[in-house]
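This report concerns only the one structure given below.
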Amino acid sequence: MTDDGHELIRQVRQRLESLRRAGVEAMPRPSVRAAAVVTVRPPIAPPPAPVPEPSPLPVMEPEPVALPVPEPPVLVPESVSEASVVVPVPVSAVGSLFDEPGFETPPVPASERLGVLETAAAEVARCKRCPHLAVTRTQTVYGTGSPNARLMFIGEAPGADEDRLGQPFVGRAGQLLTDMITKGMGLRREDVYIANILKCRPPDNRTPTPEEAANCSSYLERQIAVVRPEFLCLLGKTAAMGILGVDPMSSLGRLRGRWHRHSGIKTLVTYHPSYLLRNPAAKKDAWEDLQLLMKEMGLAIPGRKRGASE
Ligand code: URA
């Protein structure tokens, strides 16, 4: 043995002896994790040329990293202005970058989706998470359309007509949305899926509160996970903030016209039909958004041949 080896053994003995004198009778065996970080270094100068040591230790899982909790983002009331921002949305109600890889639940087979959605709708019909809405609603408005839709539209909350009929987008704004789908995109309304951030009508059609949006978010996320559309079209600021959790100060004008992602789904933001009814000049922008969507979906744009270059 080298002099260095003898010196190391002497130091270890000395240390053990001092521990015994201090009352230590036994030493615990090092755990694998502890062993992974223990390096025995002789108290000598390092060798002149560093030789990489092969590690006999198992590869350890990295320590779980605590993810930062983002500040609550903000909802904008549709009825006030598409460009103003006032109401914070709780984190639990929004998506985030961490949604990127996709869904936590396995896909529901296409043939079972309708049944799964009907069961979920029945659960929502009994919901009292927002007791004040449970007493003012006529009924809940869950969603409508194809359980296997490639495209899902998401609005804000039921209005008076929807509350009365139990279907989303059946009033004036609903008629415009139907025109956008049928006359604009050349699809049938029953080919897409339509849902809202809230399943209950807020009294006086006010903007959903952050608490209401948070209470309802798991229902909508379940709908998205079951239908698993290829595309989401978010109608207005409330839907955009509720689903994307984007910078709360973003105006809808800055969110629209480009692709976002939610749970790995290609997601587009456009103006809410109610806003378009109040501001018809914005229909031009909304039509541009729909054309972007159609192009990505491989749908023919009226007046153009499919696949014609831009
Ligand atoms: N506005 C919405 O956001 N949703 C509806 O269902 C009707 C109007």
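Note that ligands are numbered from 1 as they come in the structure, with each ligand's atoms numbered from 1 the same way. All figures in this text were calculated on a predicted structure; none of them were measured in a lab.
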Margin query: Show me, by chain and number, every protein residue that has a heavy-atom distance under 4.0 Å to ligand 1.
Written below: Gly155, Glu156, Ala157, Glu162, Pro168, Phe169, Asn196, His272
Next item on the list: For Ser146, check side chain to side chain donor-acceptor pair (under 3.5 Å) against everything at least two apart and list the hits.
Entry: none
Next item on the list: In sequence, state the C-alpha distance, the side-chain angles, and the governing distance for Leu268 and His260, and then conclude on side-chain contact (heavy atoms from CB on, under 4.5 Å).
Entry: CA-CA 6 Å; Leu268 198 69; His260 306 263; 5.9 Å; no
Notebook entry, point to check: Between Lys266 and Glu230, does at least one N-O distance fall below 4.0 Å, as a salt bridge requires?
Noted result: no
Checklist line | Check ion pair Arg129-Glu212 (N to O, under 4.0 angstrom) | finding: no
Check: Less than 6.0 Å separating the ring centroids of Phe169 and His272?
Finding: yes
Notebook entry, point to check: Would you say the side chains of Gln139 and Lys199 form a donor-acceptor pair under 3.5 Å?
Noted result: no
